[in-house]
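Report on one structure; see the data block that follows.
Residue numbers start from 1 in every chain, and the chains themselves are labelled A, B, ... in the order their sequence lines are given, proteins ahead of strands.
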Number of protein chains: 2
Amino acid sequence: MGPMHTILVIEDERDLAELIAFNLEKEGYRPLIALDGLVGLEAARKNPPDLILLDLMLPGMAGTEICKILKGNEKTASIPIIMLTAKGEEIDRVVGFEVGADDYMVKPFSTRELMLRVKALLRRTQPEQPRKRIFAVGPITIDTERHLVCVGDKEVMLTTIEYKLLLDLAERAGRVQSRDVLLQNVWGYNYVGDSRTVDTHVTRLRTKLGAAGDLIRTVRGFGYKIEEEPQNE
Amino acid sequence: MGPMHTILVIEDERDLAELIAFNLEKEGYRPLIALDGLVGLEAARKNPPDLILLDLMLPGMAGTEICKILKGNEKTASIPIIMLTAKGEEIDRVVGFEVGADDYMVKPFSTRELMLRVKALLRRTQPEQPRKRIFAVGPITIDTERHLVCVGDKEVMLTTIEYKLLLDLAERAGRVQSRDVLLQNVWGYNYVGDSRTVDTHVTRLRTKLGAAGDLIRTVRGFGYKIEEEPQNE
DNA sequence: CCGTTCTGTTACAGTGTCGTTACCGTAAGG
DNA sequence: CCTTACGGTAACGACACTGTAACAGAACGG
């Protein structure tokens with residue numbers, strides 16, 4: 001789970017804007033709505049989002065103008081923009097050099113397709129940050145590329161949650177993490193559930209890790225941590 | 001992804017040049033800008049780029065002249081050139097013997113299409129580099145030159161998508177790839193569709209590969225990978 | 001030493017993900 | 001124009017996974 005992406009929706013039709021925002025939220029993004037072109041432009045400048053959905057026809061200022069301004073300013077030029085156009089509008093210009101949008105959707109469009117394009121564009125423009133690939137904690141090694149967890153030289157099969165949980169602990173080896181933090185990192189920001197659920201998965205993880213499971217320590221009243229050094233009992 | 005390609009943009013309209021450079025950079029190239037014909041020619045000679053985008057109408061020296069000179073010199077003759085022309089300009093001559101450009105774009109053009117042409121031309125003129133020709137994963141061999149896939153010594157007939165899918169998995173053998181990544185690599189960066197489609201083709205691929213199909217592993221919640229080592233069950 | 005609070009463990013039912021098949025639209029090839 | 005192979009989507013079933021609850025045990029405080 002990457003960091004949450006902020007997406008600015010500049011669209012004057014309130015219903016449409018809210019529908020889009022609703023879907024964005026469902027996909028795990030943080031949507032902001034601007035019903036007016038100028039407001040949107042201001043918002044984008046003041047607090048640059050990760051992506052902008054921009055209506056072509058807007059009161060106050062045309063979408064093409066906003067796009068040009070944003071693409072012309074160094075600070076905002078790298079924000080990817082998807083134009084929302086009505087059929088028959090000047091699509092060539094929009095994605096051409098004159099306006100410089102990165103992609104477009106013709107109304108009416110399916111929200112599903114819009115979500116897919118958002119995802120694709122974000123991936124395309126935000127190339128994976130150089131994240132660490134291999135974690136080692138005592139005899140435990142986690143290869144994130146191969147999605148392989150070993151204790152010593154023996155592979156251990158983990159479920160999705162066990163894997164994420166172990167990875168999250170290993171990323172902050174030595175430091176205690178509360179159940180709530182773990183719930184956020186492993187289960188997702190909007191997950192609602194019993195924090196005791198963590199306990200269950202810690203147990204399962206310890207079991208699968210065998211002797212190395214002891215490296216996962218309970219910090220009574222606070223949460224869990226994984227030892228960074230092999231422990232001398 | 002190969003080594004980064006250097007692309008020289010010879011174009012006197014600063015805005016256009018910078019927009020193109022911006023997009024080139026976004027696509028992973030290293031753009032250089034020359035706002036003047038002579039400067040551009042000098043740059044190309046001194047430090048030959050992998051491709052040149054050349055405006056037809058230039059101060060100092062016409063684009064056609066630059067092109068002729070470059071194509072006439074042995075050292076620079078093999079650099080592919082895309083001419084940027086205004087409508088109605090002498091396109092026939094440009095790509096004909098007389099000037100010798102490899103491709104052209106008529107202004108105004110979409111940056112997206114320009115990027116596609118750059119990519120295509122680079123692929124065409126820089127025939128597969130030290131790219132690996134034959135992949136072997138366990139009993140599976142993929143000969144990319146002959147477009148031949150074998151399991152053991154028996155040929156397997158694959159469709160386009162199955163072939164690309166297998167190749168993509170084999171190129172990153174051992175490493176997990178998400179459905180989204182596979183969709184991008186196999187289906188194309190702007191393809192929009194259900195990511196469950198991947199499942200279907202994985203199934204078809206497994207079937208055709210017979211016993212060796214087991215080498216393609218499902219990583220629940222993450223995607224697929226192909227085992228790099230023959231597995232000891 | 002006892003009570004309370006927190007944690008470990010297990011069982012179980014619900015859920016989500018994946019494998020598979022079928023179907024239909026479409027592109028390819030004759 | 002017809003045939004055929006191919007590819008995307010939907011549907012369904014199977015099963016691994018997961019959340020919750022319940023109980024047992026440990027740690028802590030007085």
| query | Is it true that K119(B) and E27(B) have a side-chain N and a carboxylate O under 4.0 angstrom from each other? | reply | no

| task | Return the value, rounded to whole Å, for the distance between atom CG of D180(A) and atom P of dC6(C). | result | 13 Å

| query | Given dC18(C), dA10(D), dT7(C), which nucleotide is nearest the side-chain atoms of Y224(B)? | reply | dC18(C)

| note | Rounded to whole Å, the CG-P distance (L205(B) to dC6(D)) equals 14 Å

| message | Tell me if the side-chain of R220(A) makes a donor-acceptor pair with the base of dT7(C), cut-off 3.5 Å, by modelled atom types. | response | no

| request: Scan T159(A) against the nucleic acid and name what it touches under 4.0 Å (heavy atoms): base, sugar-phosphate only, or nothing. | output: sugar-phosphate

| task | Report yes or no: is there a donor-acceptor pair, N or O only, under 3.5 Å between the side chain of R204(A) and the base of dG19(D)? | result | yes

| remark: When T200(B) and F222(B) are each assigned the nearest nucleotide of DNA chain C, the 5'-most assignment goes to F222(B)

| request: Whole angstrom is fine here: how far is it from CD1 in I216(B) over to P in dC18(C)? | output: 15 Å

| query | Pick one: which of L166(A), V156(A), V149(A) meets side chain to side chain contact (heavy atoms under 4.5 Å, CB included) with K208(A)? | reply | V156(A)

| Interatomic distance, I161(A) CD1 vs dA16(D) P [rounded to whole Å] | 17 Å

| message | Which residue is it: I226(A), I216(A), V202(A), N185(A)? I am looking for the one with a side chain to side chain contact (heavy atoms under 4.5 Å, CB included) to L165(A). | response | V202(A)

| query | Nearest-Å distance, NE2 (H201(B)) to C1' (dA5(D))? | reply | 13 Å

| request: Give the nucleotide from the list dA21(D), dT9(D), dT7(C) with an atom nearest to the side chain of R179(A). | output: dT7(C)

| message | Working note: D199(B) + R204(B), criterion salt bridge (charged side-chain N to carboxylate O under 4.0 Å, His left out); need CA distance, chi angles, decisive distance, verdict. | response | CA-CA 9 Å; D199(B) 299 32; R204(B) 289 172 178 156; over 6 Å; no

| remark: L182(A) CG to dG19(D) P, in whole Å, measures 13 Å

| message | As a test of reading the structure: which of dT20(D), dG8(D), dA11(D) is closest to the side chain of R196(B), going by heavy atoms? | response | dA11(D)

| field | Nearest-angstrom distance from the residue atom CG of D199(A) to P of dG19(D) | value | 12 Å

| note | By nearest-heavy-atom nucleotide on DNA chain D, the more 5' of T160(A) and R112(A) is R112(A)

| Relative to the ring of H201(B), is the ring of W187(B) parallel (under 30°), tilted (30 to 60°) or perpendicular (over 60°)? | perpendicular

| task | Select base, sugar-phosphate, or nothing to describe what T218(A) touches, counting heavy atoms under 4.0 Å on all strands. | result | sugar-phosphate

| message | Taking the minimum atom-to-atom distance to the side chain of T197(B), which one of dA21(D), dT20(C), dT9(D) wins? | response | dT9(D)

